[in-house]
Student: 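There's a structure below that I have some questions on.
No experiment lies behind these values; they were computed from the predicted model shown. A note on names: the letters A, B, ... follow the listed sequences, proteins ahead of strands, and every chain is numbered from 1.
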Number of protein chains: 2
Amino acid sequence: MSDNLASKITDSELEVMKLLWRAKDALPVTAIREQLQESKGWEPATIKTLISRLVSKGAVHQEKRNVYYYSPVITQKEYSSWATKDLITRIYNGKARDLIASLVDSDGLSEDDIAELRDMFKVEE
Amino acid sequence: MSDNLASKITDSELEVMKLLWRAKDALPVTAIREQLQESKGWEPATIKTLISRLVSKGAVHQEKRNVYYYSPVITQKEYSSWATKDLITRIYNGKARDLIASLVDSDGLSEDDIAELRDMFKVEE
DNA sequence: TTGCTTAAGCTACAATTGTAAACTTAATTG
DNA sequence: CAATTAAGTTTACAATTGTAGCTTAAGCAA
């Protein structure tokens, strides 16, 4: 994913993306609105603006049926991994291990997490 | 560190923080400018604005000597760990291990990183 | 001491973001 | 078919951010 795309997904827009990622299929505004209006307390107009911005920045695709249906162009994986690398670049001088060290070291990991990570790194060839 | 503080350090401001973190002692504008003017191509006025904003948001402390000397209030560790937790909250549903899984899984880790992490999580058994 | 060079403070201004209303067009319903 | 409603488009507007100039005050050199 190009820096252009992901870097421009703002916090509010991300809420829309999350919803689209959760959905298996493309969704019409109605469906999007239904969820965000309640969970976020946003006005329909606000939600529409966010969707439009995402479409114009190429993060969401719109398909005309009876009414437009929206689906994510950028996958959640792409986005998360981009965001993570971005954090590493900006804050950890590009060193992924420093991120993890920081997590370990600031109690960012639960016992469970650590157990799981131990596993994760054990089996790895 | 409160959410208030860290969440408000913007990208440009972060460059100033990084410099202050690197410095062992408080620095006068001159010193800060010297470095950022070259590395970032910023005008003196810009640098001054960033410093002022950091001071007013409480991330940097200023001490009047002959001239003001600036030093970080928020430590780099505090900031990184905050930023990391923030990422986890926003993108990984609060699950630190998902962050790491994503790193592993998107080739965000070099062989070296993995070796080191394996050490880090080595089972003492 | 008087102006010259900066530091510090205040002001500016465009782009982005969060939030939304107003207007226009198309669809649904009586 | 006319009226209502909902979808889609355009416009708005304040806060934040990136970037910087202008003004005033103060220290230093001549």
Student: Step through the shown structure and confirm whether more than 12 heavy atoms of other residues, nucleotides or ligands are within 6.0 Å of CD on B:Glu63.
Tutor: yes
Student: Would you kindly give the CZ-to-C1' distance between A:Arg65 and D:dA7, to the nearest whole Å?
Tutor: 16 Å
Student: Would you indicate what B:Thr46 reaches in the nucleic acid, counting non-hydrogen atoms under 4.0 angstrom: base, sugar-phosphate, or nothing?
Tutor: base
Student: If you only use heavy atoms from C-beta on, which nucleotide in D:dT19, C:dA8, D:dG8 is closest to the side chain of A:Tyr68?
Tutor: D:dG8
Student: Rounding to an integer number of Å, can you tell me how far B:Arg33 CZ sits from D:dT19 C1'?
Tutor: 16 Å
Student: Closest-nucleotide mapping onto DNA chain C: is A:Lys64 or B:Lys48 further toward the 5' terminus? I mean the 5' end.
Tutor: B:Lys48
Student: State which of D:dT19, D:dG8, C:dA8 makes the closest approach to the side chain of B:Thr49.
Tutor: D:dT19
Student: Measuring to OP1 and OP2 of C:dT19, would you say a side-chain N or O of A:Ser12 lies under 4.0 angstrom away?
Tutor: yes
Student: Give a yes or no on whether A:Lys18 atom NZ has more than 12 heavy-atom contacts from other residues, nucleotides or ligands under 6.0 Å away.
Tutor: yes
Student: Could you tell me whether the side chains of B:Ser102 and B:Asp105 share a donor-acceptor contact shorter than 3.5 Å?
Tutor: no
Student: Once you round to the nearest 0.5 Å, how far does NZ of A:Lys48 lie from CH2 of A:Trp42?
Tutor: 14.5 Å
Student: So does B:Thr30 get a side-chain nitrogen or oxygen closer than 4.0 Å to the phosphate oxygens (OP1/OP2) of C:dT6?
Tutor: no
Student: I need the CD1-P distance between B:Ile51 and C:dG9, as an integer number of Å.
Tutor: 11 Å
Student: Do we see a donor-acceptor contact under 3.5 Å between the side chains of A:Thr89 and A:Lys85?
Tutor: no
Student: Write down the distance between CG (B:Asn66) and C1' (C:dT6), rounded to a whole number of angstrom.
Tutor: 12 Å
Student: In whole Å, I'd like the distance from the CD atom of B:Glu34 to the C1' atom of C:dA7.
Tutor: 15 Å
Student: Do the side-chain N or O atoms of A:Thr10 get closer than 4.0 angstrom to the phosphate oxygens (OP1, OP2) of C:dG18?
Tutor: yes
Student: Report yes or no: is there a donor-acceptor pair, N or O only, under 3.5 Å between the side chain of B:Arg53 and the base of D:dT19?
Tutor: yes
Student: Quick one: A:Glu15 CD to C:dT19 P, roughly how many Å, whole number?
Tutor: 10 Å
Student: Expressed as a whole number of angstroms, how long is the span from B:Leu14:CG to D:dT16:P?
Tutor: 19 Å
Student: Nearest to the side chain of A:Leu50, which nucleotide is it out of C:dA21, D:dG18, C:dT19?
Tutor: C:dT19
Student: Out of D:dA20, C:dT19, D:dA7, which has the shortest distance to the side chain of A:Trp42?
Tutor: C:dT19
Student: CD of B:Glu13 versus C1' of D:dT19: gap in Å, rounded?
Tutor: 12 Å
